[in-house]
Amino acid sequence: MKSDKVILSGKGVTKIFGFGSNKTVAVDHVDFSFREGEVISIVGESGSGKTTLAKILLGLLKQTEGEIYFDGQLRDIRSHSKKKAYWQNIQAIFQDPFSSYNVFRKIDAVLLDCIRMRGGGRLPYDKKREMMREACSFVNLKFDELTNKYPFELSGGQQQRLMIARIFLLKPKILLADEPTSMIDACSRATILDMLMDLRNEVGMTPIFITHDIGLAYYVSDTVYIMEHGKFVESGSADAVILHPKKQYTQRLLSDVPKLHEEWDLSTV
Amino acid sequence: MKLMLKQVFGSGKFVIGFVIFLAILLTVVIYPIFVPDAPLKIISRGTFLSPGIYVNLYDSIDSATRYTLITDDAEARRVAGRLSDEDRAKMREWLIGNGVDEAEIDGADTAQLLDLWELNFDPTVRLPGMTNADRNYYIRLTASLEGLLSTEGATIASTNPETGALEQSDIVNQTDYVHVNEVANSRLFILGTDNFGRDVLTELISATGVSLTIGFVAGIVATSIGLVLGLVSGYVGGMVDQVIVFIMNLFTVIPTFVLLILISFSIGQESRGAFTIAVVIGLTSWVWTSRAVRAQVISLRNRDHVNLSKLSGHSIAYILAMDILPYIASYVVMALILQISSGILAEAGLSILGLGPRTTEVPTLGLMLNWAMIYQAHILNKWWAYLPIILVIALISFSMNLMNTGLDQVFNPALRD
Amino acid sequence: MSKPILEVNELTTNYVTRFGDKIFAVDHVSVKVDDGKSVGIAGESGCGKSTLALSLMGYYFPPLYYASGDIIIDGQNISGMDPDVVRKTILGNEISYIPQAAMNALNPTQKVIHFIEDVIQAHYPHTPKKEIYELARERFELLGLPAEVLQKYSVELSGGMKQRTVIATSVILSPKVLIADEPSSALDVTSQKMVIKMILDLMEKGIIKSLIFITHELPLLYNVTDDIMIMYAGQIVERGSADEMVFDPIHPYTKALMGSIIVPEEGLRDVKLTAIPGTPPNLKNPPSGCRFADRCKFVMPECRVRSVELRDIGGGRSYRCIIPEEDLRKAYKSEKR
Amino acid sequence: MKFTRFTIVALLLVALVAVSVAPAFAQDTLPRNETLYFNGQQWGSVVGWNPYSSNNNNAMAISQGDNARVLMFETPYLYNMLDGQVYPLLADGPFAWNDERTELTFSIKPAAHWSDGTPVTAADVAYTWATHVKYSTPTGAGNVDYIDDIVALDDSTVVVKAKLNDDGTAVNPLIVQAYVSSNYVIQMAWTQALEERVAEDATAFLADTAEDVVFSGPYYKFFTDDSKVILVRDDNYWGQDASMWGSLPVPKYLAHTIFKDNAAGTTALQAGEVDVSQQFNSNVQDLWLVDGLPISTYLPEAPYGIGASLPTAFFNLTGSSFGLDNLAVRKAIAIAVDYPTIIANAMTNQSATFDQVPRSLMNPTPGEQALYDQAAVADLQWAGNDIEGAKAILDEAGIVDTDGDGWRELDGQKLSYIATCPNGWSDWQAAIEVVAAAGAEIGIDITTNFPEWSVYQTVVTKSDAPLPEGYDIFMMWSAGAGPTQPWGRIRNLLSSEWLGMASNWSGNWGGYSNSEVDALIQAIPSVTDEAELKDMYTQLVDMYLTDIPSFTLMYRPQSFHTVNESVWTNFPYDGDGTEPPVPPLDLMDGWSVAGLYNLELVNP
C-alpha cells in the first residue's frame, strides 16, 4: 500500500494573519512530506493551526511563506483553471456534515458536480446515474432513495457517507479529512472510518486526517504529526509517537486524555 | 420552497400584513376599473368640498317624477335648519337692544318672532357693542328668514324670451320630494374634494399606486445596489472590500435624508418625475442593505459548503449566485420590504418639504399631504384632505413592517420559538 | 445504604413544536442519586440527555413542558412547582446546573465578583458585599482558583478558567446536586482535565453532595462517575457501575457504544470498532415496541410490538431488553472481535 | 471691591434673568384694550429704521409707494384707492399745477411738527429729495427722470419742478404728481446729522439703522426682537390738531407678532390674538359661517375685498415658443380657461369674477372702471370657459389635429406648451393648473412646471434674451391701485420700452411690442381732459383684448384685510358711511390710516 513516492510535501510553510501588533502566526515554518498511500494524521488542540494548515494544503488559503510541492513539483494554483486541476487531485471532508452542503442543492447536484469535475460532464445521463448509484452503494446508501432529496434530510452519519461517496466519484490522490467524525455519534464513527479506509484501498489515495482526537489518530494512521502553536513538535509512526512519546508536549497531551485501562492522573493538573 | 411558503404563511403577523397590503394593492388596481376618472381632474369649483353625496340642484328641481311625502316634521325641520335656537337668542338680543320690550318677545313662537323682526330690524342700526361681524350675521340671517313660514310652494320663474317678462314656470311644493337615485346628476364624494377641487378618493387611490411604485422602484434600486456591493465586498474582500466599505462609510456619515434633499433640490423641479425621485431615493438608501449583506456574506464565505463548492471547481459568480445568495435571500427579501416601505415614507417626507416629484403630473401621497399643508387643511379642519392620506401611509408602512416581522420570525432562528 | 439526595421517578417531559406536535424527549425516566455519589448519563446526540438535565431541575419554560413524574430533592418534591418559585428557591440553592457553553454566558462587561453577588443576592438579598467577597475568596481558594480572578472581567480569562469560574460561582451556595451537561466538551484536553478535577473536588470537599454528569464521551464518564446510565431515544436503556457498564455491557446498544470507544492505548489498532447501522427513531412518533429494535442485530419480531420495561437485575444494575442477560453475554462472546 | 467667583456667577444669573424677562415683560404688559395686533406684514426681524434705505425689513414703519405706510413717517398727501383721490396729510390743502403742468406747488400744514418738536418745513421736503438724489436711493433713482428739482419757496411752500422734454412739456406729470403721496418727508436736521455721522459715505448712509431717527407720524418704535415688532403712539403727535385728525389714533400700541408661516398666523387670527390680518386665508368665509368667529372682511360676501391688481398669465412672444405668435392660438387658450374655477379654487372666491367685472386693463375699483368705455369693448371681453368658441377659432385658423393623436398641429407641428409659475406659490400654482386643464379641452398640450422662485425670477426678468423653453405661458403680477394707475399698470403690461434690458423688473415680460400702444402710453400722462383720457384708455383696452399678449387670471386685493372683532370694532367695511371712504388696507397704508381714528373697543 505504502510507497516511497512523496505525493505532497512542504518546506517552511507559514501562515500569518493580520498585521503589526495584531499579527498571529497560525502556521510557523512547518516542513512535511507525505508519501503516497500512507495514512497521515495531524494532531493538535484547537488553536494549534492544524485547520489553517489543512486549508493551505487544500489551496483555500494562501501561505504567507514557504513552498508546497505536489507530486514532486512546486504547486501552482494561481489561476482558476490551475486550481481546478489541483482540486482534481486533492479533496476534503469537513468536520460538520450539516454545514458542508448547500441546503438549496439536491444530492444529485452534489454528485453530478463530482462527475463533471472528473471530466464526465458530457456523459449521457444514464451513465452518470450509474456512476452515482455505484458511489452511493459504496457507502451503503441507496441512490434511488436519495435522488431528488436534499442532503439535510439525511442524518449526520448519512451525510458524512455521502461526502465519502463524493470522494469515491472524484477519486483524488489526496483526501484531507478535517475531523470527519467529531460531529457524528460514536456508533456511526466506525462506519465512516471503515469506509474511508475502504475507499483508500479502492482508489489508492493518501488520506490526511486533521484531528484533535489523539486516540483516533492512533487508531487510523501510519504516520502522526503532533502540532502545537503552529509547529510540528513530534512526528513519526503512530506506535512510536503515541505509545512512546519523546516530547513533553506529546506526553502531556496523552496523559490528559481519559483512558480505560490506565488511571487518569488528575494530580498532574 | 413549498415548506418555506407554508412557514411564511403560518406566521400570523405576516398574514395580517400581507392581507392589508393585498387589500391596498387590489383597491389600487380595481378602483380605476369602476371609476375611470382621471385622478387629477378638477371636478369642483370651490375647494375642500366636504365628503358626502351631491345632488344637482337644477336636475332635482327639474326632476320629472315628484313624490309627495306628508312628513309631519318637514316644516319643523326646515324652520330649525334655517333658524336655530342660537339664532333666536341672537334675534332676541338685538330686539331687546333696539328697545323692544323683553316681555313681548316669545322666542319659541316663530311667527311672532318673525313679525317682530320684520317690524324692527334695520341693518343700518348698530347697537352698542355690536361688531361688523355681528351686523353681517344679522343681514345674512334676515335674508335666510325670507319666506320661512310660507306654506305655499316656492315659485320658479323664468324670463319669457319674447316679452322679457318673468313668467311662472313651476311651483315646488313643500311636500315635494325627489328620490336621490332618480336625479340624473348626483355624485358621491366619499372623501370630498381637495384644494384644487379634485376628488380626494380617486386621487388618493391613484396616489397610493404611484407611491407604491415609487417605493418598489426605490426598494429595488436600493436593494440591488446594496446586494451587489455587499456580495462583492463581503466575498472578494481585500482592496475591493476596503474601497466599497469606504464608500459605505461615506454614505453612512452623510445623513441620507439630507443627501436626498440636496440631490432632489439640485435636480430641480423641472426634471423631478416620480420615477426620478424613486431612483434618487433608491440611490441614497442602499447603505444599510449593503452593510448587512456584507456582514452576512463574510460570515458565510468561510462556511464549509462554500469551501466544498470551491473544491468542486465552481467559479466566483457561481458561488455567489448558488452558495451565498440563497442563504441570504430571505434576508434580502426582508430588506427589500423595509426599503419599499421606507421609500414610500421618504417620498412623503420629500414631498412635504416640497422636493417631491414634479407636482401635479401624477399624484403621490406625499404631494397630497404637501398640498393639504400648504392650503392649511389641518387648520381649517378639512380632515378629509390629509387624514386618509396619513392613514394610507400608516397602513402601508404598518403592513410592510408586519410582513417583515413575520418573515423575521420565520427566518431568524434567534427569534423562533 | 445512604439516603438518596435526588430521586426522580418516572419523569416525563415534552416539547411542543411550532405545529403543535408533542415530542416526548424524556420518557418515564427514573434517576436515583445517593449522597456522595455521582451518576453519568451518556447517549447519542438527540437522545434526550440535555432535556433530561433541564427536566431534572424542575425549571420548565416553553416549549418544554412537564408531563408527569416526581422530582424529589433531599425529600422535597419540586415537580410541578411554579418555575418562578423554582428559580428563586431551588436553583443555585438546592440544585445547580452548568450547561455546555456556560462560560459564554458571562457578561463581558462585568467583573466575576459581580456574578457571585448576583447569585447570592438573588437568594439572600441583603447580604453585605464584603461578606460576599469573603465567602467567594474562601471558596475560590478552596477550589484552587486564584482570588484575583474575582476582580477580573470574563474576557480576561482563558476558556478553562472561565468554565471553572462559572462552576465555582454556580455552587457558591453549596447546592445539594450539581448537574453538569457536557461541561468540558468545548475545551481542549488539558482544560478539560482541570475542569473535571475541580468538579470532583467539589464532591470531595463536600460542597456538593451529588453529581449528575452528562456527556457523550464514554472514556471521560468512566473516569468521572460512579454509575453510568445510557439513554436512548428518551429512555434509560441500561444502568450500572462505571466498570460494569464499560467492560460488561448487557444491552446491545450499550455493547455497541462501548465497542466504539477509541482511546490511545496499546492494542487499540488491533480491534475493530463496532458500528451500528441506522438512526434513532423519531420521537414525534416513537415505535410501540423496543425503541432500539430497528438497529438491533438481535431483534426478534416480538421486540417490535412488546414494550420493554427497565429490568432491575440487582446490584444497582438494570437494563431494558427482553433477551435475558446471559443470552446476550453469550452472544457477545461468540462474536469476539 | 474684589469679585468672588460667587458674585460673578450671581451677577451673570441676574443679567440672564433680566435679558430673558425684558421682552416677556414688554409684551405681557401690553394692555390688550390698548393694542391693535396685526399679522402677515412682518416676516423676520427688523433691520433698521432708516427711511432712506430699502433694506429695513420693517413692514410696520417703512413702506413707500402708491399707498405709502404712514404710521411713523408721513407723506404730504394720502392716496385713497377707493376714490382715486389724494388727501392732504403734511400738506395744507390740495396741490396746484401751473398752467404748463411743469411745476406743482403745495404748502406744509402749520401744525405739522417733528417728534423733536421742531416744525415740518418746506426745506425738509426739498432736502429729502436732494438726499434721495445724492445717495441714489430707490426713490431718487425711480423719479430722477421725471422730477427736476424740489425747492422750498419759503418755510411752508414747496415747488416740485418736473423734468421737461425738449418741447418744454413735462416728461411725465403723472409721476411727478404721484411723488407727493408716495414718498416720506424726512427731517433735514436729522438727515444732516446722519450724513455727518457717516461722513457722507453712500453705503454707510443707507446702511445706518437710524435708531435716532426723527419722525412726524403718530407711532414710533417701542420694542422689536425676532418674535415681534411693537410701535407705540406718540402722544405729542401733531395730527391731533384740528387741522388734521383732531384726535390721536385710538390704539396706544400697534403690535405685530412674527409668525413662522401663514398657518401660524391663521391660527392666531382664529384665536383672536390678531385683530387685523394681511394674509390670504383660504375659504375665509368658513371663519364666520362654520367657525362662528367674530371675523369679517370689507365686503360681507365674495369677493370679500376690493380687487386692486391683476395677476396675469403672459404668452411668450419672444419667438422661442412655437405657435404663440399666432393670435388664434393665444385667443383660443385665453377664452378656454375656466376662470370661475380659478377664482373659486385658487382664490377661494376672494376675487371678483369676470362676469362681475369684465376684463380690461382696469382693476375693479370704481375709480378705474370709470376710465374706459365698457360698451365699446364689450364684444371683446371674454368670461372664459368657452371651449366650443376656442375650438371654432382654432378650426377656422386651420389649426386642427391632423395626425389623430388628439393634439392640434400648426403647420404640421404639434402645439405643446409648458405653463409656469414659481414653486410654493400655491394660489398661482392652482391657477396655472386650471390653465393647463383648458389646453387639454381644446387639443393643445399644456403641462405645468413649477421652478424655484430664484430660477423663475432670473429667467423672467431677463429681457435681453428670448425666454427659454418651459416659459411658454407664465404668470406674473401687475401693479395694484395708486395715483398713477391704471396708466402705470398698462405701461407694465404692454409697453415695449423695457425689451432688451438685462434685468427687467418693470413688466411686459412676454415681449409684446406695438407702436400704437407705446404711443398711447407715452401720451396719457400729459393728458388732462377726461373725455380724451377715456378714449385713449378705451383704445388701449381694445388693443389689449384684441392682441391678447397676456390674459388676466383673477383680481387680487391690494392687501388682504380680514379683521377679528373680539377686542376692536368699527373697522372699515363697505358702506360704513365714512367720508371719504376708508379703504381696506389694514389701517396703515395711504388713506386707510384714517381707520385708526375710528376704532372702538367692543367692551370699553
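We use all heavy atoms of the structure for the numbers below, so side chains are in, but hydrogens, waters and symmetry mates are not. Order of the sequence lines sets the chain letters (A, B, ...), proteins ahead of strands, with each chain counted from 1.
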Enquirer: Which atoms form the tightest heavy-atom contact between D:Ser296 and B:Asn132, and what is the distance?
Expert: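 Nearest pair, atom of D:Ser296 first, then B:Asn132: OG-ND2, 3.6 Å.
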Enquirer: Between D:Glu433 and B:Arg198 (salt bridge meaning N to carboxylate O under 4.0 Å), is one present in this structure?
Expert: yes
Enquirer: Contact part of D:Glu301 toward chain B, heavy-atom cut-off under 4.5 Å: side chain, backbone, both or neither?
Expert: side chain
Enquirer: Which pair of heavy atoms, one from D:Asp574 and one from B:Arg135, lies closest together, and at what distance?
Expert: O-NH2, 4.3 Å
Enquirer: Under 4.5 Å heavy-atom distance to chain B, tell me which part of D:Thr447 shows up: side chain, backbone, both or neither.
Expert: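 Interface part for D:Thr447: side chain.
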Enquirer: Using every non-hydrogen atom in the two residues, find where D:Ala344 and B:Gly46 come nearest and quote the distance to one decimal.
Expert: CB-N, 3.2 Å
Enquirer: For residues D:Thr569 and B:Thr131, report the shortest heavy-atom separation together with the two atoms involved.
Expert: OG1-CA, 3.4 Å
Enquirer: With a 4.5 angstrom heavy-atom cut-off, which part of D:Ser426 approaches chain B: side chain, backbone, both or neither?
Expert: both
Enquirer: Examine whether an atom of D:Asn603 lies under 4.5 Å from a heavy atom of chain B, and if so say whether it belongs to the side chain, the backbone or both; otherwise answer neither.
Expert: neither
Enquirer: Distance from B:Met130 atom CE to D:Glu600 atom CD, nearest 0.5 Å?
Expert: 12.5 Å
Enquirer: Side chain, backbone, both or neither: which part of D:Asn570 has a heavy atom under 4.5 Å from chain B?
Expert: both
Enquirer: Quick one: what part of D:Asn262 sits under 4.5 Å from any heavy atom of chain B, side chain, backbone, both or neither?
Expert: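 Both backbone and side chain.
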Enquirer: Does a sphere of radius 6.0 Å around CD in D:Gln356 hold more than 12 heavy atoms from other residues, nucleotides or ligands, not counting ones at 6.0 Å or beyond?
Expert: yes
Enquirer: D:Asn349 versus chain B, heavy atoms under 4.5 Å apart: side chain, backbone, both or neither?
Expert: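 When you check distances to chain B, no heavy atom of D:Asn349 falls under 4.5 Å.
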Enquirer: Which heavy-atom pair separates D:Ala263 from B:Ile379 by the least distance, and what is that distance?
Expert: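 Closest heavy-atom pair between D:Ala263 and B:Ile379: O-CD1, 2.9 Å.
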Enquirer: Where is the tightest heavy-atom contact between B:Phe196 and D:Asn345, given as atom of each residue plus distance?
Expert: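 Nearest pair, atom of B:Phe196 first, then D:Asn345: O-ND2, 2.8 Å.
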